[in-house]
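Here's the structure we're looking at; comments come further down.
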Number of protein chains: 2
Amino acid sequence: MTDIKKDKVDIFAVAKRAKVSISTVSRSFNHPDLVNPATRKKIDTAVRKLGYIRNRAAQTMHGIRSGTIGLVVPTIDHAIFAEVIQAFSDSVDKHGFTILIASHGYNLEKEYAVLRKFLEHRVDGVALIGEDHSEETYDLIERQYIHAISLWNYNEDSRLSCVGSDNKLAGCLAAQHLIDLGHLEIGLVFPPTVDNDRARERRNGAQSVLTKGGARVYPQWDIESTYSIADAKEAALRILKTEHRPSAILCGNDVLAMGVLYAARSCNLNVPEDLSIIGIGDFKGSNEVEPGLTTIRLPAREIGRQAGEYLSRSIIGESVGRRRVSCNIELIVRGTCKPKP
Amino acid sequence: MTDIKKDKVDIFAVAKRAKVSISTVSRSFNHPDLVNPATRKKIDTAVRKLGYIRNRAAQTMHGIRSGTIGLVVPTIDHAIFAEVIQAFSDSVDKHGFTILIASHGYNLEKEYAVLRKFLEHRVDGVALIGEDHSEETYDLIERQYIHAISLWNYNEDSRLSCVGSDNKLAGCLAAQHLIDLGHLEIGLVFPPTVDNDRARERRNGAQSVLTKGGARVYPQWDIESTYSIADAKEAALRILKTEHRPSAILCGNDVLAMGVLYAARSCNLNVPEDLSIIGIGDFKGSNEVEPGLTTIRLPAREIGRQAGEYLSRSIIGESVGRRRVSCNIELIVRGTCKPKP
DNA sequence: CTAATTTATGAAAACATTTGCAATACTATT
DNA sequence: AATAGTATTGCAAATGTTTTCATAAATTAG
């Protein structure tokens with residue numbers, strides 16, 4: 001028991017046990033070709049015996065990448081982002097990065113705070129959702145020269161690199177489909193659009209097409225609902241219970257559309273005979289629900305994958321400069337819409 | 001332009017600008033009460049002007065906590081874990097921790113690899129889902145003396161601290177409800193149970209009650225489905241299309257139950273008149289779907305919250321030793337089950 | 001068999017902080 | 001005015017690694 005520091009397993013402990021210097025141990029990790037295979041084996045056994053695990057914090061101090069990417073989303077809880085998070089995560093994982101994740105609950109000051117925390121951890125890059133961020137946030141990203149990307153929305157003038165879809169177009173397509181089917185009295189169920197460019201653009205797109213198409217949206221048919229099936233169902237019930245109800249409802253996303261669909265069912269309205277419903281997003285289950293939900297498909301997996309790929313590569317140094325990637329969206333016609341008789 | 005290192009903003013730069021030593025700068029962050037308010041103000045302005053952000057990597061090297069917690073889940077993509085992840089995240093966030101997250105896709109070797117990576121990052125604690133882990137994983141946790149917790153399942157003999165519910169009981173309750181309603185011909189739709197203690201226990205619980213209650217589960221009614229509405233719907237169609245079909249179907253979780261519900265609807269079967277369906281979990285939307293899904297409620301938010309709280313506290317040092325927390329479950333009777341005539 | 005290479009290793013500086021200890025400056029007490 | 005005590009600050013060592021440079025050993029060439 002001559003050991004003083006008994007159980008601290010650091011690179012010194014390994015070196016001692018393998019009877020080499022710490023330089024050699026370090027080298028055998030980072031440049032294995034520079035060390036004698038026999039020595040390498042000795043080190044390897046020492047590592048295994050001691051259960052040594054490298055300390056990335058110490059590595060990070062040498063300007064070596066931390067191997068982490070910060071991902072800030074409005075919420076993890078909902079179907080909306082689950083898919084894109086998973087795809088993004090898988091994608092950066094392939095390049096050896098680990099994700100730091102946090103949600104801000106649609107509060108942009110909290111988003112800024114989270115970003116700062118990520119920077120303290122010296123993440124190699126950050127990914128944000130959409131383009132509505134505080135000026136402070138944009139400032140911080142620029143001043144810190146951190147690799148950053150905005151997911152989910154595509155905008156040709158975006159301040160950051162972006163990978164996403166044209167949300168305005170999504171709104172237009174949805175509205176156009178209803179117009180094409182002859183609907184002129186249309187209800188809207190949208191999430192709050194403040195600090196949420198995705199929802200705002202969808203809404204603007206939809207509204208402009210509706211107006212152009214000569215449709216009427218009475219104020220009492222234009223309802224705001226949080227991202228929750230329960231809320232949306234309740235909101236829809238309010239629309240459906242007015243004595244004069246719209247012939248179709250256009251929803252800001254599929255979660256809301258689900259709520260509307262259930263609301264219709266609970267009022268004994270048949271979809272699509274008595275009411276047409278269209279969503280945006282094409283989430284899991286939108287295809288399976290009966291009748292299948294007509295919606296605008298946003299390629300969440302594709303967005304997550306491409307964003308992860310681009311960010312990883314730009315951190316590793318394989319690409320530079322801003323890039324804007326637009327992922328295609330399409331109208332998916334299923335069972336919830338039918339022509340106005 | 002006498003500056004050599006022009007734009008590196010570290011603690012030296014701040015010290016220089018504020019005309020104090022780096023010790024004082026450091027102190028003004030970590031022990032503000034020990035530094036003169038006037039000096040503190042000078043430092044503060046310097047920090048702001050330079051846009052200095054502390055380097056946690058350097059701090060971590062002093063045995064100071066990294067401020068991160070590793071969370072390993074089977075998948076982020078599904079409703080199953082979204083709620084618990086969000087609650088866990090919110091809960092540890094209150095104590096100043098940031099989450100490193102990764103998924104392993106029900107592959108326990110990948111789980112081990114992820115855990116190692118987390119340890120390289122010197123996370124202050126780790127949270128895993130359930131109790132099925134490789135021996136290597138358990139070993140690593142013990143040898144590294146890392147704070148660890150298992151979420152989701154409660155087991156009085158768990159190797160790790162755990163916060164969760166009794167999944168076997170969940171299976172029992174669901175089965176008992178069907179038995180109580182007089183159902184004796186029952187179909188099962190469960191996810192794969194290998195390396196998944198939660199599903200396995202639910203299934204065992206259900207099956208034991210069904211057997212004891214004298215119910216029959218023909219092999220062709222006992223179907224495996226991945227965690228996907230689409231898969232479950234398809235699986236259920238196989239059951240429902242046999243000439244002799246069960247009067248009730250018990251599902252391993254609500255996602256699967258949704259699939260079964262949609263399958264029934266697509267066969268023009270009325271639920272609950274022609275078929276009773278019960279799920280386990282009580283996810284978002286289970287209450288809103290028409291008819292509302294009868295299910296066993298697992299308190300996901302509560303589990304996430306308590307787990308986060310316990311793990312944070314035990315890292316901070318407010319509590320020690322293993323702890324096992326059982327979160328109550330309950331039968332939620334809604335519209336998808338009715339007595340067998 | 002010696003000189004010139006090549007291969008393998010170690011010593012020490014560097015990275016960005018924190019902190020124990022010592023030194024200084026200030027305040028209150030006598 | 002001298003002393004004791006306290007508040008504030010700086011110096012330097014420590015943290016766990018990587019990497020540059022130098023050196024020693026082994027190999028090849030002549």
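Order of the sequence lines sets the chain letters (A, B, ...), proteins ahead of strands, with each chain counted from 1.
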Could you tell me the separation between the [atom1] atom of [X] and the [atom2] atom of [N], rounded to a whole number of Å?
X: A:Lys42; N: C:dA8; atom1: NZ; atom2: P; result: 13 Å
X: A:Ile11; N: D:dT19; atom1: CD1; atom2: C1'; result: 12 Å
X: B:Glu120; N: D:dT17; atom1: CD; atom2: P; result: 10 Å
X: B:Lys8; N: C:dA14; atom1: NZ; atom2: P; result: 11 Å
X: B:Phe12; N: C:dT18; atom1: CZ; atom2: P; result: 11 Å
X: A:Ile64; N: C:dC15; atom1: CD1; atom2: P; result: 13 Å

Sequence neighbours left out, what passes salt bridge (Lys or Arg N to Asp or Glu O under 4.0 Å) with [X]? Give chain and number order.
X: A:Asp132; answer: A:Arg200
X: A:Arg54; answer: none
X: B:Glu309; answer: B:Arg313
X: A:Glu156; answer: none

Using the ring-ring contact (aromatic ring centres under 6.0 Å, His included) criterion, which residues pair with [X]? Sequence neighbours excluded.
X: A:His133; value: A:Tyr138
X: B:Tyr310; value: none
X: B:Tyr227; value: B:Tyr106

>> Once salt bridge (Lys or Arg N to Asp or Glu O under 4.0 Å) is applied, what residue pairs with a partner in residues 64-78 of chain A remain, sequence neighbours excluded?
In response: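 Counting only pairs at least two positions apart or across chains, the salt bridge (Lys or Arg N to Asp or Glu O under 4.0 Å) contacts touching residues 64-78 of chain A are A:Asp77-B:Lys284, A:Asp77-B:Arg301.
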
> Does a donor on one side chain and an acceptor on the other come within less than 3.5 Å for A:Ser158 and A:Arg324?
Replying inline: yes

> Do you see a donor-acceptor pair shorter than 3.5 Å between the side chains of A:Thr24 and A:Ser21?
Replying inline: yes

>> Using a strict heavy-atom distance below 4.0 Å, which residues from residues 44-63 of chain A are in contact with DNA chain C?
In response: A:Met61, A:His62

> What ring pair (Phe, Tyr, Trp, His ring centres under 6.0 Å) pairs are there with at least one residue in residues 109-131 of chain A, not counting sequence neighbours?
Replying inline: none

>> So if I define the base as every atom that isn't primed, P, OP1 or OP2, how would nucleotides 6-12 of chain D read as a B/S/- string at a heavy-atom cutoff under 4.0 Å?
In response: --SBBBB

> Given axes from five pairs at either end, by how many degrees does the helix from C:dC1-D:dG30 to C:dT30-D:dA1 bend, rounded to 10°?
Replying inline: 40°

